[in-house]
2 protein chains.
Amino acid sequence: MIKHSRQRDAIRDNLMNRCDHPTAETVYMDIKEDFPNISLGTVYRNLSLLSELGEIQKISTGAGPDRFDGNVKPHCHFQCKMCYNVLDIPFEYPEELNAHASKSFPGIIEGNSIQFYGLCPNCMNTH
Amino acid sequence: MIKHSRQRDAIRDNLMNRCDHPTAETVYMDIKEDFPNISLGTVYRNLSLLSELGEIQKISTGAGPDRFDGNVKPHCHFQCKMCYNVLDIPFEYPEELNAHASKSFPGIIEGNSIQFYGLCPNCMNTH
DNA sequence: ATTGATATTAGTAACAGTTCCTATTATCGA
DNA sequence: TCGATAATAGGAACTGTTACTAATATCAAT
């Protein structure tokens, strides 16, 4: 049974009201302004819970800490190899991928994640 | 300037002669049979170097340690949510993805990775 | 073959990110 | 208001990985 908690609300709200892809640490620093005593463990615990519940999305990039996304609509991400920033790729998501892959795979495919990498617009211009 | 090393050869060979997606730890344990004194740091260093050189591929899954793949041809991976094993998805890789994404993204897209998740054939049957 | 410059190593310490533990506090149905 | 228990703060512990250092291996020039 899940009980309500003000901290969890704040974490959810923080993610819903931003368009970037913050780390747990970033969310933690932000929420500290309203909850000076909030613990980093609480942030991690609730980010995990919320992503299990499907209210947010966890993005593991392989470079640096995990990111989180309040937008759970399927979409692709891009990580810059230079600044490690994560951006959305705004193109039509290939919805048929799961079905396509299932044909050649004898297990159960529940979902997928597509990530691009390269140079972000910012780093592209300054180097 | 890169100098030859027997340890690096053994690491490369190990990855080339297997079809799974071992972790650094697994490679380390395997190679210990031929190089009892090899250090885990050496394995990590060479796996990084080899993947920078494009001789092998690094797979970051977001669940558990990184995996490595001696097959550098573009292909998709699947990770089981239950046993965390990583498998290949043997379907035609959507080569046009990068070009497609580039149209709607003002940075430079160098590559992508597609990962599926769900239940592997093994876990599907035993649960 | 010997030498010298330096890339690489083994071993270990340090580090980053995350999870776990425990006593205390907040939530919420009865 | 009370009682059961979910959630918390704070910090310790853990996992995967990288960094450090003295010793060793490689290899081009002699």
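Below, chain A is the first sequence line, B the second, and so on; all start at residue 1.
Protein atom CG of L40(B) is 13 Å distant from nucleotide atom P of dT12(C), rounded to whole Å. Taking atom CD1 on I38(B) and atom P on dA23(D), their separation rounds to 21 Å, with Å as the unit. For K3(B) and dA7(C), the NZ to P distance is 6 Å, given to the nearest whole Å. Summarising the geometry, the separation between CD1 on I59(A) and C1' on dG17(C) is reported as 17 Å, rounded to the nearest angstrom. Distance CE (M1(B)) to P (dT26(D)): 12 Å, rounded to an integer number of Å. Counting to the nearest Å, the C1' atom of dA7(D) and the CG atom of L49(A) are 11 Å from each other.
Taking only side-chain nitrogens and oxygens, Y44(A) never comes nearer than 4.0 Å to OP1 or OP2 of dT19(C). OP1 or OP2 of dA9(D) sits under 4.0 Å from a side-chain N or O of T42(A). Proximity of S5(A) to the phosphate of dA6(D): no side-chain N or O atom is located under 4.0 Å from OP1 or OP2. Phosphate contact (OP1/OP2 of dT8(C), side-chain N/O of R8(B), threshold under 4.0 Å): present. Between Q7(A) and dA26(C), a side-chain N or O to OP1/OP2 separation shorter than 4.0 Å is absent. Listed pair N37(A) / dT25(C) fails the phosphate criterion, with no side-chain N or O lying under 4.0 Å from OP1 or OP2. Considering only side-chain N and O atoms, R6(A) lies under 4.0 angstrom from the phosphate OP1 or OP2 of dT27(C).
Between D9(A) and R6(A), no side-chain nitrogen of the basic residue sits less than 4.0 Å from a carboxylate oxygen of the acidic one, so the salt-bridge criterion is not met.
No side-chain donor from either of T42(B) and Q7(B) sits under 3.5 Å from a side-chain acceptor of the other. N112(A) and Y93(A) share a donor-acceptor pair across their side chains, judged by distance under 3.5 Å alone.
Checked by atom type and distance alone, the side chain of R8(A) pairs as donor or acceptor with a backbone atom of K3(A) at under 3.5 Å.
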